[in-house]
Amino acid sequence: MAKLFLQVMGHLDMSDTTATSDLIRTWIGQTFPDVEPLATEVLQTWMEVKPGELIILDTRSAAEFDVSHLPGAIRVDPDRKDLSELLQQHLSPEGNDAAGRVPREEIVCYCTVGYRSSSVARALSAGRPSGARRVYNVDGGLVKWASESRRMEDSQGRATQFIHPGNAVWARAVRPELRAWM
């Protein structure tokens, strides 16, 4: 289904990045109605007030992640079939564990626009690991996050405003001054 959407988007004359982003967000919401969206404002607040209770998963390529990602994000391959071992490394059992970690209850997934992260969030929700209360997808993905001038960092931990759009179609949703390429 994503290939067909990308083909159609590739033929549309969409120069307004906001309209393009809104169209993509609507399509993702319709494609993944069972995935709970999380507003960027809410995630920003959670990152400030309860960072130890979050697992933030970046479901983009290593090249995209290196350009920019959310502080504290863990990069996972969106095509990885079994995330349970990775998550169990970051989730602690009920109460503090021997290492003093508090339970991490919220799993938040994101990618450039939300498609890959919605797919991962859906899979995680279906087989929710113990210690995780809820799984979310960031509504609008990194495109929305960056357009709101929220904090991102590069692979060296330096603040950045740029994002790697992933492909030419998703690049249409990114304001030109925020694109790392294209």
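For this chain, numbers begin at 1 and follow the sequence in order.
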Side chains of Val35 and Ile28 in contact at under 4.5 Å (non-hydrogen atoms): no
Under 3.5 Å donor-acceptor, Ser68 side chain and Phe162 backbone: yes
d(Ile107 CD1, Ile56 CD1) to nearest 0.5 Å is 11.5 Å
Look at the aromatic rings of Trp46 and Tyr136 and report parallel, tilted or perpendicular, splitting at 30° and 60°. perpendicular
Could you check if a side-chain atom of Glu148 sits within less than 4.5 angstrom of a side-chain atom of Gln44, using non-hydrogen atoms only? no
Does a side chain donor of either Tyr110 or Asn137 reach within less than 3.5 Å of an acceptor in the other side chain? no
Sidechain-backbone polar pair: Thr20 side chain, Ala173 backbone, donor-acceptor under 3.5 Å: no
Any chance the side chains of Asp154 and Thr160 put a donor and an acceptor closer than 3.5 Å? no
Indicate if Phe65 and Met47 have the same hydrophobic cluster label, given that clusters are the connected sets of ILVMFWY residues with side-chain heavy-atom separations under 4.5 angstrom. no
Find the distance between CG (Leu54) and CD1 (Ile74) and round it off to the nearest 0.5 Å. 10.5 Å
Please examine the side chains of Leu57 and Leu124, heavy atoms only from C-beta on, and report whether any two atoms are closer than 4.5 Å. yes
Got Arg134 and Glu36 here, is their nearest side-chain heavy-atom distance under 4.5 Å? yes
Answer yes or no: is there a side-chain heavy-atom contact under 4.5 Å between Glu106 and Lys50? yes
Trp145 side chain vs Arg151 backbone, donor-acceptor pair below 3.5 Å: yes
In this structure, CD of Glu177 is separated from CD of Gln161 (nearest 0.5 Å) by 7.5 Å
Closest heavy-atom contact between His69 and Asp58? CB-OD2, 3.6 Å
Minimum heavy-atom distance Val174-Leu178, with the two atoms named: CG1-CB, 3.9 Å
Got a donor-acceptor contact below 3.5 angstrom from the Ser21 side chain to the Thr17 backbone? no
Side chain to side chain contact (heavy atoms under 4.5 Å, CB included) between Val143 and Ile163, worked out: CA-CA 8 Å; Val143 167; Ile163 65 171; 3.9 Å; yes
Report yes or no: does Arg60 contribute a side-chain atom to a donor-acceptor pair with the main-chain N or O of Thr112 at less than 3.5 Å? no
Of the non-hydrogen atoms in Pro71 and Met152, which two are nearest, and what is the gap between them? CD-CA, 4.4 Å
Measure across Gly114 and Cys111 and return the closest heavy-atom pair with its distance rounded to 0.1 Å. N-SG, 3.1 Å
I'd like to know whether Glu41 forms a side chain to side chain contact (heavy atoms under 4.5 Å, CB included) with Arg150, so could you lay out the CA-CA distance, the side-chain angles of the two residues, the decisive distance to 0.1 Å, and finally the verdict. CA-CA 9 Å; Glu41 318 67 68; Arg150 298 186 189 279; 3.7 Å; yes
Between the main-chain N or O of Tyr115 and the side-chain N or O of Ser119, is there a donor-acceptor pair closer than 3.5 Å? no
Steps toward side chain to side chain contact (heavy atoms under 4.5 Å, CB included) verdict (Leu70, Leu43): CA-CA 10 Å; Leu70 300 184; Leu43 177 56; 3.8 Å; yes
Enter the distance from Arg158:CZ to Glu153:CD here, rounded to the nearest 0.5 Å. 11.0 Å
Close side-chain approach of Thr40 to Val138, heavy-atom, < 4.5 Å: yes
Take Val120 and Val135 through the test side chain to side chain contact (heavy atoms under 4.5 Å, CB included) and record every step on the way to the result. CA-CA 10 Å; Val120 170; Val135 180; over 6 Å; no
